[in-house]
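One structure is given here, and the rest of the page talks about it.
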Amino acid sequence: MNFFEKWVSKSFKESFERDSEQQQIEPEIPLHTSLQDNIRDIKKTLGNSTDIVIREVRIGKSGDQLIGIVYTDGLADKSAITDFIMETLMLNIKGTRLDKKIQSSTNILQLLKDYALTIGDIKDVSDFKTLYNSVLSGETLILIDGHAEGLLASTRSWQDRGVTEPSAESVVRGPRESFSETMRTNTSLIRRKIKDPNLWLETRQIGRVTQTDVAIMFIKGIASDKIVDEVRARLDRIDIDGILESGYIEELIQDDTFTPFPTVFNTERPDVVAAELLEGKVAILIDGTPFVLVVPALLISFIHSPEDYYQRADISSLVRILRYIGAFISLLGPSLYVALTTFHPQMLPTAMLISIASQREGVPFPAFLEAMLMELAFEILREAGLRMPRTIGTALSVVGTLVIGQAAVEAGLVSAVMVIVVSLTAISGFVFPSYSMSSTIRMLRFPMIGLAATFGLFGIIVGLIALILHLCSLRTFGVPYMSPFAPLILTDQKDTILRFPRWALLSRPRLINEKNMIRVENELTQKLKRGE
Amino acid sequence: MRRVMVISCLFIVIVPLISGCWSKRELNELAIVVAIGIDKVGEEYEVTVQVVDPSEVSASKSSGGRTPVVMYHAKGESMFEAIRKMTTVTPRKLYFAHIRMMILGEELAVQGIGQTLDFFTRDQELRADFYVAVADQSSAKEVLSILTPLEKIPANKMFNSLKSSSEFWAPTVPTRFDELLKDLESKGRNTVLTTIRIEGDPKQGTGKENAEKINNSVHLRYSDIAVFKNEKMVGLLNEEESKGYNYIRNKVKSTAGIIACPKGGIITTEVKDSKTKVKGKMAKGKPRIDVTIRSDTSIAEVDCDINLQKTETIAELDKIASEKLKGIIEKSLDTIQHKYKVDIFGFGEAIHRADPKAWYKLEKEWEEIFPELEVKLKVDVKTKGLGTVMNSLPKKQKE
Amino acid sequence: METIKISVRQFTILVILFSVGSSMLIIPGIIAKEAKQDAWIAAILGVGVALLLVKLYNVVGSIEPNMTLIEIIEKVLGKWVGKIVTIAFLFFTLVTSGEFLYFVGNFMSTEIMPETPILAFNILFAIVVIIGVRYGLETFARSAEIIFPWFIVLFVLFIILISPNVEIQNIQPVLEIKTKPMLHSVLLFISVFSLSPIVLLMIFPIAVNDAQQAQKAFFKGTFIAGIILVIIITLTIVVLGTEATAHLMYPSYALAKRIEIGNFLQRIEVIMASMWIITIFFKLIIYFYASVVGFAQLVNIKDYRPLTLPLGMIIVVLSIIVHPNIVESIQYNNGSWIPFGATFGLLLPLVLLIVAKVRKRT
Amino acid sequence: MWMSVLIVVVVVVMFTAEAIPLLKKGNIKEFRVFSVLLLFGTSLSIALSLKVAIPSPIDWIEFIYKPLTDWLQTTLK
């Protein structure tokens, strides 16, 4: 990594030398007393941006009190501003007792706050930094001439996609709602599922420029304090210009190891987050993305689907086993084919060997190259299918799978078995409920094919040993990635390869939380409690 | 930790580079050998291999123009030399892991097979799970050159019919290569091998047309058992003697037996299950062998006048069958003990197991002792089933 | 030294995999040669003796529960004598690591992939071992925990699949063996099976979280490994017969070749070979870990990780030069290895124990 | 010959990846031990690649233990 660091620092130096024109707003700068000065400063700082609406009105009996209203068009709720701020200030208070008071009092701000503004959330503001933050996130600023303070009325309202069905993690049985881009919607979705006062939420802004809201959500008393502190510390460590998606945060807070495996879990389903919170994990919500991060993420959480818990225990156990088999095929399918056909034909039954050999008759590529080419073709198809306009997606899949596959076999460029192997592998790759894990496995497939092509099954076994070593070395927020397999925790095996019936899922996973272990209260738990 | 990754990545790149792909062989670069024949011609070995042409055998695209198997042969002073010499004629490298049959020429069997087989144990590619048979009255090369109908690959035909005949018709002995080796190494037992014979004119069997006729003129048939003394073939057992041999060796799974009815005519019985126990014993300083055979049969075909619904009849039949079986076994014992004088039953091993100390004394002169060995036979045949009818139909019509 | 601790269960698993290690493949052949059909009896006796040796190691380990073997040597024997003994011990572990690497390459190239040079296998295997050692004891102990169930599954499968081929006559007559060959075969068994665990004193009891339980785990692990070996030895003889077992280079691999259930479950011996590769991986990794950590303690440096690459390079070279051919390797295993292994596996702990006792008294 | 060049390349990579950081951190002792061992390993590997006959350590062991081994063989035979 030495070389990498050097390269980064070199390019960094170059850009550092250029002078930055970006203005830095110091948090300490207080507001001016004069409204004109304030407005001038705001205009200057925001560069006269056209979506910033600045309105000066006069209120009071004689109309001598100058008031400035500032908001961002599109982010603030215009009707709310008209109904509850403008109308109240300019029309409703005329001639009332308040009107008189305003004239006599020096503390107009307090008066307005207490009597006039019929809006839920009002804050004081006295420095420019908060001012900009709030105005740019949709709040309405009310400045009063002669006061070095202003009011911020919460009028945030912008276009929201609404709660829709999850697109990446669909289930047959289970809730059909997914997170949207607005953080507040997302927190409400979770809060609706867990109505416990212990569900705590901490928000902070991350990103020097974007000032993105990032919230940590956990259930106090279930989540381990150690992990929560660790999450806080890691979030506070971030110093970056912008956060646009949860992927930014994921990369910045994950454990500092070089690994293809995701050590932070992401989901777009509120029910998954709720379930994880109940297991004692910590959720990180980021404004502007429908993906919520969950830490610590163990390997098994990427293989388990939320549906496992909605279906009958026996069925979901079988489905889980199926998923593990799928994972295995997805990782090793082509490499096993390459190893068996090029190094160990003695392992194939005679009839099968002859059949495969006859198909390979005339294929110009060695099996390794054939596998690599087919895998590559599949990856390209997959990527193209994702990127292309949805309307011609079907056309692509027809061309890709049917025409190319069929024609390649007919032309004798690839063998039919290879096509079967690659398709089987590709389909198996989709058994992972989590997209990030299936990408990892897909990526690891290639070195495995390489090992299989040089060392046969020996290469595959050695590769697997190395993979297991690597997995065992990983930690996610202090928790071993492979737990509860290694270190083996017998009580937690009830929800790993198999899912036990609900009455047996008595305790929360260890290592993640030390306290409040019992989930289900039934005769068994009580017996255990009494120490029988 | 990152350094490890860099270094291991480097290795992973370098290792394949320096290594290339040594053991790699593409399937379409292999000539899959399914049968191998060994003959002795003068001082040299002549090795014949039967190689599959996959595209002719496969289900999907059979061009139909060529024979499904190709035969190559070469001569050499050693097996390995002959096989390597064959590369001068074969288009691809021969691949031996899928051999189903090994045919030994009669000439070779008579001269001794021990030295010949070393190559097959030493080479890692070969597996010891193929059957070995001796060509009767012909060379191995001729046997391998016969094309068979129904089963496109002659080696498969030989393999399967040997397997099924041993399961349903007792006189063949399917000897796997590893069993053969074990027998050759064993001090207390000599080996036997099934023989295979070409029926019909061998020259006519080589063409594709042999497989194209309904009543094809040339067949491969398993016939008798070849008896080996140490590693040399000394003679043949006929069908009935072979059956007797299999009974003693506890290798009968199922077979057919014909017994005479008390009142004339015959009854055919199907042996369903047969268990043989061979026990060695030292009686008064002399070795003795007790052979106990328990055989369960059922009636398969009745061709005489008999009332099967009486228990006495069944008892009588059992007795007749036991006597018959005893006769068969005694005959084959007699042939082996007195004609060939070779212990192919493992009686020596039985003595060894029963009384190791005595065996050490007997071991050296076992060859002399064996023909004089006292063998006590106890045969017990039990009829268990009658099939789907009680008495046979013709009998009813007569009444 | 790192404060990393492994659990008692992980230690047990490491002991099992370590002890089964190379033994699984080579023991049946070498003791069948001497003990014939009674090899299994010799193996059982050998396991008994092995348990006695484990007792000895436990006692040595408890001289200083918070020290590795190297530190104990230095403390008990004094600085200078200690250093010399340590160097000899490291020589022992390094050469043996090289030898195990040689086994891997040799096995692969004689049985499975003959055209591939042995060096290629060795380099690849060494890389994984180096990665494992660099990840540290905790990581490879955890991997052992994950891999172990697979090993057991494969092993049980192996027994079930091979059982139709059993011919019980092959081990009769029982107890035909005379005393001398019996002694010899027991000695051979012990030399391969139970002299090596001295190396485990590099992680035991210091790195195990419960020293008291770990002693029991040591016994338990050795016992289970012993049972596994006795089963394998018995199976090879019962299935292959004594002569073939003694003649074959790797009898238990030949055993796997016999597996044939119907027309589909056959020819799966390479999968069985993976069982062996897994165990020898753990044997090698513990030997190598002991060498590397020992070396670090010898020259008094804190982090052993920088030593892994050069020492790894050295064991790869050693693996090529240790034995010019397989005959020499067999000869060495049946000959000099016995006293060589006994020097460190038996003499060293005894000396340590006596000196420690004498010192305590004075 | 190519083998030797390859070994040197690998060794150089090892050295930069492992030894330089040690030196930078000021672990002189580690650096020295590492370098000596690496040098030893490199020379062995290059000797091996050039097919120089390297004495096997097993030969020394066999030499040292020969009397014992012989004694064992004779008494147990």
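A, B, ... follow the sequence lines: proteins, then strands. Residue 1 opens every chain.
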Part of D/Trp60 lying under 4.5 Å from any heavy atom of chain C: side chain
Who among D/Ile61, D/Leu48, D/Leu44 has the most heavy-atom pairs with chain C under 4.5 Å? D/Ile61
Side chain to side chain contact (heavy atoms under 4.5 Å, CB included) with C/Pro310: which of D/Val11, D/Thr42, D/Leu38? D/Leu38
Exercise: identify the closest heavy-atom pair between D/Glu18 and C/Arg134: OE1-NH1, 2.5 Å
For D/Asp59, the salt bridge (Lys or Arg N to Asp or Glu O under 4.0 Å) test, sequence neighbours excluded, returns none
Counting only heavy atoms from other residues, nucleotides and ligands, does the tally under 6.0 Å from CZ of D/Phe40 exceed 12? no
Any residues in residues 315-325 of chain C near chain D, with a heavy-atom distance under 4.5 Å, and which are they? C/Val317, C/Leu318, C/Ile320, C/Ile321, C/Val322, C/His323
Rounded to the nearest 0.5 angstrom, the CD1-OG1 distance for C/Ile338 and D/Thr69 is 8.0 Å
Quick check: under 4.5 Å, non-hydrogen atoms only, which of residues 28-35 of chain D neighbour chain C? D/Lys29, D/Glu30, D/Val33, D/Phe34
Among C/Thr343, C/Thr179, C/Leu94, the residue with the most heavy-atom pairs under 4.5 Å to chain D is C/Thr343
What pairs of donor and acceptor atoms, side-chain ones from residues 187-198 of chain C against any protein atom, are under 3.5 angstrom apart with sequence neighbours left out?
from: C/Ser191; atom 1: OG; to: C/Leu188; atom 2: O; distance (Å): 2.8
from: C/Ser194; atom 1: OG; to: C/Ile190; atom 2: O; distance (Å): 3.2
from: C/Ser196; atom 1: OG; to: C/Tyr287; atom 2: OH; distance (Å): 3.3

What part of D/Leu39 is in contact with chain C, defined as an atom under 4.5 angstrom from a non-hydrogen atom: side chain, backbone, both or neither? neither
Answer yes or no: is there a side-chain heavy-atom contact under 4.5 Å between D/Ile7 and C/Met313? yes
Euclidean distance, D/Ile58 CD1 relative to C/Trp337 CH2, rounded to 0.5 Å: 9.0 Å
